[in-house]
Amino acid sequence: MKKWYKIVNQASHTDVYIYDEIGFWGTTAKAFAKEIKAISGDIILHLNSPGGQVFDGLAIYNVLRGHSGSVKTIIEGIAASMASIIALAGDSVEMSENSMYMIHNPLISITGDSEELKKTAGLLDQIKEQLVNIYASHSNLSAEEISDLMDKETWLSAQDALDKGFISSIIPNVPVKNYFVNQFEDNVEYLNFIKNNQNPMEGSMEEILKALGVKSETEAVVKIDAINAKFAKIADENEVLRKENEKLIADAREAKIIQAIAEGKIAPSQKAFASTLIAKEETLFEEFVKANEGLKSKALLNEVDITNSGNPEANGEMTFDKLIEDPEAATNLLKTNPEEYERLKNKYMEDNR
């Protein structure tokens, strides 16, 4: 599974990098916490993330706040949404002058009746209250001011974040190359998609930013990458469903072949050929079964003596295993001695329950 964090042990401290969406890619806060608790010394948290799952974010914040050594946060690109909460876990918070800090209200996507929606609204209010208290305890703003900034989804430059008390200091630009903060041109293909499919205008930079609902190229990168991440997650889920569906189809086809063999419509020796046909097209398999039955019916209409080639009894004790491998012999036995045919068949079914 892909991790959204990386831990590197140094001689004097441990570097912890959170350079991705938090919690969406199979690694949970539980795994993160386990690794953090194994660290005994000081931590430098390098942060560049658009955020992620709320409860994972709160768990990460709490485990970092409870760390026995010192924790220093360095915001090296983006600290948005839950990443802006995690940033505040540091005893000191530094921010590169070319970085962005964003806070907003907690969000959730649900389906349900009115009662379910009411309960979810109440949960979101409780979560927001927790987040407001954390922001307020690490800034010089009141809870009311914090709540207003969250309502507006506020983006802050390094200087804005310093003025409001979210960070301790500003450091010179940090060159960062990773998935979420890269050159704006890296997203040209996606921007063209937006221009051609969602914004029929000429597609100037101003128009693209307007289509995205953002004010700067940096914000556009974050929003584009967040959407891409969600698309990737949906694609992964669809791939799982596709594989499950393929297995169901394969199992159903296998059951059809087994049923045809059990009913004597095709011989076990024909299973491989039948599997090839049904995998290509089920109608081919059905035509094969019908043609096979036609040949057997034709044999029943003819007086055919039981010979060594068509009579397993001539090569030893007759069993139904041998009969189903030799449709001609089975046909003759059914015609000449139906009682014996039924006895062998019943014994075979009993032995193979």
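- The CD atom of Gln130 sits 11.0 Å away from the OH atom of Tyr61 when rounded to the nearest 0.5 Å.
- For Lys271, the side-chain hydrogen bond (donor to acceptor under 3.5 Å, both in side chains) criterion is met by Glu254, not counting sequence neighbours.
- Between Asn140 and Gly165, the closest heavy-atom pair is ND2-N, 3.8 Å.
- Val289 is not connected to Ile258 by any chain of hydrophobic side-chain contacts under 4.5 Å among Ile, Leu, Val, Met, Phe, Trp and Tyr, and they are in different clusters.
- Residues Val16 and Leu64 have side chains not in contact (no heavy-atom distance under 4.5 Å, counting atoms from C-beta outward).
- Atom CD1 in Ile103 sits 11.0 Å away from atom NZ in Lys152 (nearest 0.5 Å).
- Residues Ile7 and Ile39 meet the side-chain proximity criterion, which asks for heavy atoms closer than 4.5 Å.
- Using a 4.5 Å heavy-atom cutoff, the side chains of Lys256 and Glu286 are in contact.
- A donor-acceptor pair is defined here as one N or O able to donate and one able to accept, closer than 3.5 Å; such a pair exists between the side chain of Asn62 and the backbone of Leu58.
- Atoms CZ and CG, on Phe166 and Leu149 in that order, are 6.5 Å from each other to the nearest 0.5 Å.
- Met102 has its side chain out of reach of Met100: every pair of non-hydrogen atoms, C-beta onward, lies at least 4.5 Å apart.
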Test side chain to side chain contact (heavy atoms under 4.5 Å, CB included) on Gln10 and Asp15 and set out the steps. CA-CA 7 Å; Gln10 307 289 359; Asp15 286 310; 3.0 Å; yes
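- Ile167 and Ala158 make their closest contact through CD1-O, 3.5 Å (heavy atoms, listed as atom of the first residue, atom of the second, distance).
- In this model, no donor atom of one side chain and acceptor atom of the other lie less than 3.5 Å apart for Glu129 and Asn133.
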What's the verdict on side chain to side chain contact (heavy atoms under 4.5 Å, CB included) for Ile278 and Phe288, showing C-alpha distance, side-chain angles and the deciding distance? CA-CA 10 Å; Ile278 202 169; Phe288 167 66; over 6 Å; no
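- From Ile75, atom CD1 reaches atom CD1 of Ile171 across 9.5 Å, with rounding to the nearest 0.5 Å.
- Counting only heavy atoms from C-beta outward, the side chains of Leu333 and Leu344 approach each other to under 4.5 Å.
- A salt bridge does not link Lys164 to Glu145: none of the charged nitrogens lies less than 4.0 Å from a carboxylate oxygen.
- Between Ala267 and Ile261, the closest heavy-atom pair is O-CG1, 4.3 Å.
- Put simply, the side chain of Tyr101 gets close to the backbone of Ser84: a donor and an acceptor are under 3.5 Å apart.
- Ser81 and Gly51 get closest at one heavy-atom pair: CB-CA, 4.0 Å.
- Arg65 approaches Gly90 most closely through the heavy-atom pair NH1-O, 4.0 Å.
- Residues Ile146 and Ser139 come closest through the heavy atom pair CD1-OG, 3.9 Å.
- Of the inter-residue distances, the one linking Ile43 atom CD1 with Ile36 atom CD1 reads 4.5 Å to the nearest 0.5 angstrom.
- In this structure, the separation between CD1 on Ile18 and CZ on Phe32 is 4.0 Å, given to the nearest 0.5 Å.
- At least one donor-acceptor pair under 3.5 Å links the side chain of Asp91 to the backbone N or O of Val71.
- In this structure a side-chain-to-backbone donor-acceptor pair under 3.5 Å is missing from Ser70 to Asp42.
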Taking it one step at a time, do Glu94 and Ser168 satisfy side chain to side chain contact (heavy atoms under 4.5 Å, CB included)? CA-CA 6 Å; Glu94 299 179 356; Ser168 311; 5.6 Å; no
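- Looking at Tyr19 and Glu76, their side chains do bring a donor and an acceptor atom within 3.5 Å of each other.
- Thr14 contributes no side-chain N or O that, together with a main-chain N or O of Asn9, makes up a donor-acceptor pair within less than 3.5 Å.
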Working note: Phe273 + Ile266, criterion side chain to side chain contact (heavy atoms under 4.5 Å, CB included); need CA distance, chi angles, decisive distance, verdict. CA-CA 10 Å; Phe273 180 64; Ile266 63 173; over 6 Å; no
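- The pair Glu340-Arg343 counts as a salt bridge, with a side-chain nitrogen and a carboxylate oxygen less than 4.0 angstrom apart.
- Across Asp151, Leu131, Val132, Ile127, a single residue satisfies side-chain contact (heavy atoms from CB on, under 4.5 Å) together with Asn105, and that is Asp151.
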